[in-house]
Amino acid sequence: MGAISKARSQAADAGKFVADWLEHRAGIVTMMEHFLYEPVPKRGAWIYTLGSATLFLITLQFLTGILLLFYYVPSTDHAWNSIYYIMNEAYFGTLIRGIHYWSANFLLAVIGLHMAQVFFSGGYKAPRELNWVVGVVLLLLVVIIAFTGYALRWDQDGVWATVVGMKIGSYSPFVGAYTIQFLMGGDTIGPATVSRFFAIHVWLLPAALAPFIGIHLYLLRRHGVFGDEMEYRERLAKLQERQRLEEYEQYEDDGEPYVGRRDRADRD
Amino acid sequence: MAELQKDPMTRGDFLGFGILGTIVGALLTIPPAAFVLGPVIDVNVRGESDVPDDWYRVGPIGEIPAKEPKVYVVEFPVNQVYSEEQVIEEGVETPGATIDNAVWTSWREEIGENGEAIHRIPSFVESGVQPPLTQEQIDEVTANLNVLSSSCAHLGCPVRWIVKEDGGEFLCPCHGGIYDINGGYVGGPPPRGMYSFTFEVREDANIYVKHEFDIGGDKGPQQPYVI
Amino acid sequence: MPIGDLQVPIIGKNVVIAALVQTHILFAAFIIGAVLIAATSEYLGMVTKEPRYERFARNLARFVVLLFASGAALAITFVLALVTLFPVFFSYLQNIFFWVFLVEAFMFLGQIIIVYAWYNVWDKLAYRKTLHVTFGFIAGFFGLMAMTMIDAVASYMLTPAEAPVTNVARTFLNQTMVPLNMHRFVGNFSYAGFLIAGWGAWKYLRSTREDDRDYYDWMGHFGLLWGFGFLILQPVIGYGYLKGIRESSPEAFNTIMLGERAWVFNLLAIYLAIMSIAATAYFVHKLRFAVKPMPTLRNMAVGALGFTALFTVLNVIPADADIFPGVLSFAGGENTDIPLGGMYPWKYIGLIGLMIVGFFVVALYLKATAAGFHWGRASRWSQYALLICAPTVIITMMTMGYTRESARRVDYQPEGGYLIYNCVTLQQNVVNENCPAVVENEDGTSTNTINGARVGGGE
Amino acid sequence: MYAPATGKQKPVEQEVITEENVFERPDETIAFFPKQVLYDLFVSTLLLLACCALSYVSPAPLTEPADTATVTYVPRPEWFFFFYEQMLMFFPGYALISFGAVVVPTVFVVLLFAVPWLDRGPRASSTRRPFATVIGVLVVVVVLLNMLMAVSRIINFPGQ
């Protein structure tokens, strides 16, 4: 046997050994098999990539967000300078912040499309109602994260958008004044506003987002992907066929010629 | 895997757990809630604003022209979080955080009977101001001066002055809110006229302002102070 | 003026243009609305397999095809009249919107070809119904695109963007382009719907055979659903449209809302009152023939009729309601701090009330329609209600056209008003420096790129 | 969960399809791993490339440092709040501003949460449930039109 084939067989045995070792201890192989080889609908596969694109963009946001944390300083007089440093001095700083900014915009667009796709294809019907509710929670979290993130750069756009946002918030009946005082850390924009928005944007909401994504995926795998009615064309055809046959039998015995169901209502 | 061991639980145990749980839960949530809601408590319960309750210099009245408003920048020190005075005194010597506001100042304008505008600029101001003002000079200035916040009453965008052929008007570029030179509501989405500061004029012919709006008898809702 | 200054002897240039364009719009609006209504009805016929949808779609398509030619002829004469009577203005507009007019012409061409083909292959394509229905919707789409292009020009005339013409985004998407396009899109459906209802009612009253009565009764119902359903959307879109006008052409806004053209909107309020009361009364009456009787809901519908009447009364009161001093003029008269911004509260409540009650009645009626009706038994006066709606909607369409065009009158001051607001006057002189087609030359003066006239008042 | 894709499941012909189990299993399925993951990766790489290219072509914006005392700056919302800002215009006056700014969006969000319980019809395809589809299309159209109106107001307003 040549050296190469011997090396190959030894490598194969080593691989098998490692797999068995892991399988026995952690059951990892069966779990992977269970997750990876799950049957999913075939016809509309391209439309369902919207959901995974959203997941990809959120992970992108988490990664680039953590990288930005290495340089960002959340205080009124350093925030802008630290971002200026990222954009101009840090290696690939423009790239990292660019990805964070642009994938945020794409994320909101893709979330909109994903929600529209699920709504118009009826993906929220029983037994998947909870998944829809979790989806809407995710949408709200992402929108609030986007709003708080916009203020962190503490430039003209960011500050003034926050001022207008706070003024809009102050119009909510009963709780308006309290919520914006909580968000601004007092009764005017100041250093507390930056640190509060920083805390909310960087940890509070993402920490809420992660488990909900987990639930969303768990419910998805629990009930299987409901694509669109086009995935069930043949089964629906068989169902209607069987129902029509049943209907014919019902009329044959009372001897009258069969007339369409709707017109029966008009005739009597 | 051992099967689940389900010992029977009496109603008493259940109630006991319930009450104990709620008490411990409450105890565990009060400190974090107070910790996070600190500022809301300060502003509403203890009535302290972030900006110390003091008079802040805006600018001299001499430079305000007769027919159009002049914008001054007033700097309010902000006592928030790490920029509180006491904190800075004990700790590292850093400049406290400040927030500056644009203030539109103008002389009140009235429409005379024949329809053209009368500008209430005091005579002695027009002919150059000698600093030590007498009391009735101060009263005359205070009665005829508009000291307006530049934040639009609708959604808080910065209001600007646009010159038109007969005078001009305050315009909010965000949604088209229009105010007259006295800050009164003319048109557009704002729910009321522009907010005016509580101000006073001192002998040194300077305007001093507090970090609060003077809503006085004026109707319309007083929204929390944002900038 | 490059060529002889043509003057039409007795009736004047403006009346010629007005007559031609009003009639053209009456035809064109019906055609755009009717093509889409016919296509939807054909689709409904395909889905519900009921013969009446098919019959209606075919008759309506035939009617559209007949009307098309005369509508188009009016359009051509209108353009010719514009070119001859207002040469400077039209070449000015053509310079700015050349491509828009070109696209509009091709969309118009596309619509003609498809509408005629669509009608003539009705039997040939019967076996491929879905394809035939999609053709109908494509024809409708072409019609809408033609209208969108014209709306770009029309909205530009009332609210021109202060940007140079090279800035295509601002010129095409000026302040009132989107709301005007929406207002006309919804208006076409409502207009066509009311006319169909009127036509159905007229034929119902004259029909003798049993199945004809059923069919025309259903046709009146179907037309009114379109007509009133879309009518209740109009106040919101109209509000957005007027906000756009006020932001970019305040004097024009004052002329139609506060100035001497304000009576037009009182007229509109009266038409709105007639149409909404007639429609609600028709709905309440028809609910009696629902297959699935809904007694409680029907009583609520009667309540809705009462509310509609109340809200229409609120609407009809003129804004300066000091005719009944103290009673109706809002507390404190002039300097009341109006809670609804600049809006008169009762007019605002009237419009919004009409909409909400309208939504409720239409939703209720749709619920009954889902279960079906016993056709052919509608009372005579319910058909008279539809018959009143048809001419009212025609007059509303004409009044609305009159308001938009006369908004640029701006109480006649620069030579009788503007053709393009703040830019080209009725005597076709360019009066404003920041008009798009004006060129700043070195020595500070600016010349109009079209007729070389010096800008700053007609010489 | 679906019956496992491996051979043991009941032969499909005998399965009597009833109203309940018609949506039990799609006609044709593919394994998640090779096929669907490939499609997802394709779309994700496209998005990643777009983000990277855009981050150099038009870098993330950073205007001059904040100055709360400016009177020349015009604040504009992010693109995804355009429709919200334009929608506020339809609620004028101090009586309606809080209504339009807060109450209407909250009602919209509550209805969004309740969608599965508002539309309980058995059939999922949008042509089979006209009421839900029409309202869905209406909402989408209103949002898009409001966005367009906001864009036209922003580019045309003397804000520059």
Side-chain angles (χ1 to χ4, degrees), chain A residues 26-27 73-81 147-148 150-152 154-205 207-208, chain B residues 32-53 76-84 87-88 94-102 149-158 172-175 189-191 195 211-213 221-227:
Chain A
V73 175
S75 89
T76 40
D77 34 28
H78 298 306
W80 194 86
N81 306 359
F147 174 68
T148 43
Y150 196 60
L152 289 186
W154 217 249
D155 63 351
Q156 280 286 54
D157 296 343
V159 166
W160 277 102
T162 319
V163 162
V164 172
M166 290 296 120
K167 196 70 190 271
I168 294 180
S170 75
Y171 277 114
S172 38
F174 321 123
V175 290
Y178 308 121
T179 32
I180 69 158
Q181 273 150 17
F182 164 71
L183 284 173
M184 288 195 298
D187 62 1
T188 178
I189 300 266
T193 321
V194 184
S195 28
R196 280 177 180 257
F197 271 62
F198 179 68
I200 292 169
H201 178 75
V202 169
W203 192 251
L204 179 71
L205 293 182
Chain B
F35 179 75
V36 160
L37 294 174
V40 183
I41 296 166
D42 288 349
V43 169
N44 296 314
V45 171
R46 297 178 34 202
E48 288 160 12
S49 155
D50 287 346
V51 178
D53 186 5
F76 293 119
V78 175
N79 282 355
Q80 267 187 0
V81 206
Y82 52 79
S83 74
E84 297 235 346
V87 167
I88 293 172
T94 57
T98 64
I99 183 163
D100 31 26
N101 283 16
S149 149
S150 74
S151 128
C152 171
H154 179 227
L155 291 182
C157 295
C172 165
C174 283
H175 308 98
Y195 291 107
H211 183 261
E212 64 185 32
F213 286 158
Q222 151 61 19
Q223 290 306 329
Y225 190 76
V226 174
I227 283 238

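FYI, side chains are in, hydrogens and waters are out, and symmetry mates aren't considered; it's all heavy atoms of this structure. Chain A is the first sequence line, chain B the second, and so forth, proteins listed ahead of strands; every chain is numbered from 1. Since the model is a prediction, treat every value here as computed from it, not as a measurement.
- Using a 4.5 Å cut-off between heavy atoms, T98(B) makes no contact with chain A at all.
- A 4.5 Å side-chain heavy-atom check between V43(B) and Y178(A) finds every atom pair outside the cut-off.
- Put simply, CG on D77(A) and OG1 on T94(B) are 8.5 Å apart, with the number rounded to the nearest 0.5 Å.
- Counting all heavy atoms, side chain and backbone alike, G185(A) lies closest to P39(B) at C-CB, 3.4 Å.
- Heavy-atom distances place the side chain of I99(B), and not its backbone, under 4.5 Å from chain A.
- In this structure, chain B has heavy atoms under 4.5 Å from both the backbone and the side chain of S75(A).
- Listed by chain and residue number, C157(B) satisfy the disulfide bond (SG atoms under 2.5 Å apart) test with C174(B) (two or more places apart in sequence, or in another chain).
- No donor-acceptor pair under 3.5 Å is formed between the side chain of Y171(A) and the backbone N or O of L155(B).
- A pairwise comparison of heavy atoms in H154(B) and K167(A) identifies O-CG, 4.0 Å as the closest pair.
- Per-residue counts of heavy-atom pairs under 4.5 Å with chain A were compared for V81(B), V36(B), V51(B), D42(B); the largest is that of V36(B).
- Residues G156(B) and W160(A) come closest through the heavy atom pair O-CZ3, 3.3 Å.
- Within the 4.5 angstrom heavy-atom criterion, atoms from both the backbone and the side chain of S49(B) approach chain A.
- Applying the ring-ring contact (aromatic ring centres under 6.0 Å, His included) rule to F198(A) yields the partners Y72(A); only residues at least two apart in sequence or on another chain are considered.
- In this structure, the portions of D50(B) lying under 4.5 Å from any heavy atom of chain A include both its backbone and its side chain.
- For chain B, no part of T179(A) is nearby; none of its heavy atoms comes within less than 4.5 Å.
- One N or O on the side chain of Q80(B) and one on the backbone of T188(A) form a donor-acceptor pair closer than 3.5 Å.
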